[in-house]
Amino acid sequence: MKTLVFFPGEAGRAGTIGTKETKTDTKSNGDVQAPQKVVLAGLSAPNLPLSQRSTDASMEELAALVETAGGYAVGQISQQRESPDARTFLGAGKVAELKAFAEANGCTLAVVDNELNPSQARALEEELGMQVIDRTGLILDIFAQRAQTREGQLQVELAQYKYLLPRLTGMWTHLVRQTAGGGKSPIGTRGPGETQLETDRRHIRRKIQKLEQDLAEVRKARDTQRRLRQKNDVPVVCLIGYTNAGKSTLLNCMTGADISAKNRLFDTLDTTTRRLRISATKEVLLSDTVGFIRNLPTNLVEAFKATLEELRYADVLLEVIDISNPLWREQEEVVEDLVRQLAVENKPRLRVFNKCDRYLGRLPHGEEDVCVSAKTGEGTELLRTRLAKILDGDKREVELRIPYAQTRFLDPLRKDAEIREIRYETDGIRCRAAIPADKLRSYLPFLLAEGEKEDREK
């Protein structure tokens, strides 16, 4: 059973897919360069894990990924069979159909929605006569194009090398024994030598080791920054969610930042942090993170731990959900799975349903749900209120008077509580503070009575 689909509409922006470098959008004569034409292929088989089976939704997402990478998906071919072909993944008839379609439409790249092993990728390239990459390779290419900071580039490069290492065999034609005659030396001159493949593997392993060391340095720098934030008692709030859910737009809306927030997958790859005032007395650091996606490459998750590690030290996670997307529940499951992988499932979390201005159904409601429109600003004040409530937790706001003879209690108070106001008066130091319930007992002798509060207000 198969499906053949053509994609109508305008081509995406110019670019390249499958390489780290990005071509310019214009030729030397000023003409706009046509984007690379791409054909998509996907397989659904009962013996594949459910998450690995290609579906209409995953193929649509794959087409969006191709556009993000700078290509144009001309069409797609889907197949259902009992199990993948051991050699080419797709069946022989489907490979022939794919080749004919690609030649007829001038496609120069095939992208497979499933994950291919190295031998299957090579066999498909031989059969089709053009470059073939799988979903993982496409995502890695997008990350390579889009990473801007040194840290992001290191993470992407590490993921690429780990992806490349098992795929070296057969990638070059010069993999022969390095002997006097290129493998055909005279009798008595042949040595065990070393294949170019073994040399390249050793080189890549050295590169991986060096990149891991560099990322370890990045983690040290992050730890230093984190300790400073903890010392200054500034809460950290992280935005998480499926790619293109509107995290960057929400950060811009709430903080007045001007970071890139375009309607495309993986527009944000590098963590951005801005200060956000959520009440008259409280500020937090709001961090935008890379979006999650179905079947995010394992190597990529591992490589990005220096960035995603920030989630482990966050005080609150804001899970941004695109409620206008019919598949938002499936996307939420993907996010939940990755949150478990990162061991942050027990963090306080608030679900933020974004793009509510485009949703016509009944909006979710509850203490852990907030509906907003990052585009219009609707609902963001309620989000601030809910966030402040979570951060305050079981704190109780009280007023204290600490005599000057007992100012030794002031330093512990600064550590235990959030001081909202402090005044030095003739009869002592008066404070308004939010104190956790388990710490309140230590400060009971200094609590102001209701009458004293009223006198103060007068």
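Numbers here simply count residues along the sequence, with the first being 1. Since we're looking at a predicted model, the values are computed, not measured.
Between Asn105 and Lys37, the closest heavy-atom pair is O-CD, 3.3 Å. Ser83 and Asn47 get closest at one heavy-atom pair: CB-ND2, 3.2 Å. Tyr72 and Pro35 make their closest contact through CB-CG, 4.1 Å (heavy atoms, listed as atom of the first residue, atom of the second, distance). Leu311 approaches Cys238 most closely through the heavy-atom pair CD2-CB, 3.5 Å. In this structure, Leu43 and Leu48 approach most closely via the heavy-atom pair O-CD1, 4.2 Å. Scanning both residues, Leu400 and Ile435, for their nearest heavy atoms gives CD1-CD1, 4.1 Å.
At a threshold of 4.5 Å between non-hydrogen side-chain atoms, the residues Cys431 and Leu413 count as touching. Contact annotation: the side chain of Asn117 approaches that of Gln120 to within less than 4.5 Å [non-hydrogen atoms, C-beta and beyond]. Side-chain contact between Pro49 and Gln52 is present, with at least one heavy-atom pair separated by less than 4.5 Å. No side-chain heavy atom of Leu211 sits less than 4.5 Å from a side-chain heavy atom of Gln155. Side-chain contact between Arg274 and Leu251 is present, with heavy atoms from C-beta onward closer than 4.5 Å. Between Ile293 and Leu65, the closest side-chain pair of non-hydrogen atoms falls below 4.5 Å. The shortest side-chain heavy-atom distance between Asp315 and Val237 does not fall under the 4.5 Å cut-off. Side-chain atoms of Leu158 and Leu154, non-hydrogen and from C-beta on, never get closer than 4.5 Å to each other.
Applying the side-chain hydrogen bond (donor to acceptor under 3.5 Å, both in side chains) criterion to Ser287, with sequence neighbours excluded, gives Thr273. Here Phe409 pairs with Phe446 under the ring-ring contact (aromatic ring centres under 6.0 Å, His included) rule; sequence neighbours left out. Residues meeting the side chain to side chain contact (heavy atoms under 4.5 Å, CB included) test with Leu363, sequence neighbours left out: Ile323, Cys356, Tyr359, Cys371. The salt bridge (charged side-chain N to carboxylate O under 4.0 Å, His left out) check on Glu212 picks up Lys162, with sequence neighbours excluded. With sequence neighbours left out, the side chain to side chain contact (heavy atoms under 4.5 Å, CB included) criterion links Ala102 to Val39, Cys107, Met130. By the salt bridge (charged side-chain N to carboxylate O under 4.0 Å, His left out) test, Glu115 pairs with no residue at all, sequence neighbours left out. Remark: Asp322 pairs with Lys355 by the salt bridge (charged side-chain N to carboxylate O under 4.0 Å, His left out) rule, at least two apart or across chains. The ring-ring contact (aromatic ring centres under 6.0 Å, His included) test applied to Phe89 returns no partner, not counting sequence neighbours. Residues passing the side chain to side chain contact (heavy atoms under 4.5 Å, CB included) test with Val334 are Tyr242, Arg294, Leu338, sequence neighbours excluded. Every residue was checked against the side-chain hydrogen bond (donor to acceptor under 3.5 Å, both in side chains) condition with Ser442, not counting sequence neighbours, and none meets it. Not counting sequence neighbours, the partners of Glu82 by the side chain to side chain contact (heavy atoms under 4.5 Å, CB included) test are Pro46.
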Verdict with supporting geometry, Glu157 and Lys207, salt bridge (Lys or Arg N to Asp or Glu O under 4.0 Å): CA-CA 9 Å; Glu157 191 175 357; Lys207 288 287 292 183; 3.6 Å; yes

Applying side-chain contact (heavy atoms from CB on, under 4.5 Å) to Asp141 and Ile133, what does each step give before you reach the verdict? CA-CA 10 Å; Asp141 180 77; Ile133 60 174; 5.6 Å; no

Does the side-chain contact (heavy atoms from CB on, under 4.5 Å) test come out yes or no for Arg414 and Ile419, once each step is laid out? CA-CA 7 Å; Arg414 293 182 190 275; Ile419 297 180; 3.7 Å; yes

Evaluate the side-chain hydrogen bond (donor to acceptor under 3.5 Å, both in side chains) criterion for residues Asp113 and Ser58: first the C-alpha distance (whole Å), next the side-chain angles of each, then the deciding distance (0.1 Å), finally the verdict. CA-CA 7 Å; Asp113 192 30; Ser58 69; 2.6 Å; yes

Given the rule in the salt bridge (Lys or Arg N to Asp or Glu O under 4.0 Å) test, do Asp214 and Lys210 qualify, once you have shown the distances and angles that lead to the verdict? CA-CA 6 Å; Asp214 291 343; Lys210 177 65 167 61; 3.0 Å; yes

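Electrostatic pairing of Arg423 and Glu399 does not count as a salt bridge here, judged by no charged N lying under 4.0 Å from a carboxylate O. Ion pairing of Glu425 with Arg401 is absent here, as no side-chain N (NZ or NE/NH1/NH2) approaches a carboxylate O to less than 4.0 Å. Between Glu319 and Arg351 there is no salt bridge, since no side-chain N of the basic residue sits under 4.0 Å from a carboxylate O of the acidic one. Using a cut-off of 4.0 Å between Lys/Arg side-chain N and Asp/Glu carboxylate O, Glu345 and Arg340 are scored as not salt-bridged. Residues Arg432 and Glu397 are paired through a salt bridge, judged by an N-O separation under 4.0 Å between the basic side chain and the carboxylate. The residues Glu368 and Arg386 are annotated as not salt-bridged, no charged nitrogen and carboxylate oxygen being separated by less than 4.0 angstrom. One finds a salt bridge joining Arg384 and Glu381 here, because a Lys/Arg side-chain nitrogen approaches an Asp/Glu carboxylate oxygen to under 4.0 Å. With salt bridges taken as basic N to acidic carboxylate O contacts below 4.0 Å, one links Glu336 and Arg349.
The CG atom of Leu250 sits 10.0 Å away from the NZ atom of Lys247 when rounded to the nearest 0.5 Å. Separation of atoms NZ (Lys220) and CG (Leu215) is listed at 12.5 Å; rounding is to 0.5 Å. Annotation: the span from Leu124 atom CG to Leu90 atom CG amounts to 6.0 Å, rounded to 0.5 Å. The CD atom of Glu97 sits 4.5 Å away from atom CD1 of Ile77, with the distance rounded to the nearest 0.5 Å. Separating the CD atom in Glu332 from the CZ atom in Arg329 is a distance of 8.5 Å, to the nearest 0.5 Å.
Between the side chain of Gln79 and the backbone N or O of Gly42 there is no donor-acceptor pair closer than 3.5 Å. Looking only at distances, a side-chain donor or acceptor of Arg53 sits under 3.5 Å from a matching main-chain atom of Ala45. Side-chain N or O atoms of Arg312 include one that pairs as donor or acceptor with a backbone N or O of Leu342 at under 3.5 Å. A donor-acceptor contact shorter than 3.5 Å is absent between the side chain of Gln160 and the backbone of Ala144.
Asn114 and Ser54 are not linked by any side-chain donor-acceptor pair at a separation below 3.5 angstrom, with hydrogens and angles left out of the test. A donor-acceptor pair shorter than 3.5 Å cannot be found between the side chains of Asp357 and Thr376. In summary, the side chains of Thr108 and Gln36 do present a donor paired with an acceptor at a separation below 3.5 Å, with no hydrogens or angles considered.
Listed by first and then second residue, the ring-ring contact (aromatic ring centres under 6.0 Å, His included) pairs involving residues 413-437 amount to none (not counting sequence neighbours).
Counting non-hydrogen atoms of other residues, nucleotides and ligands closer than 6.0 Å to NZ of Lys375 gives a total of 12 or fewer.
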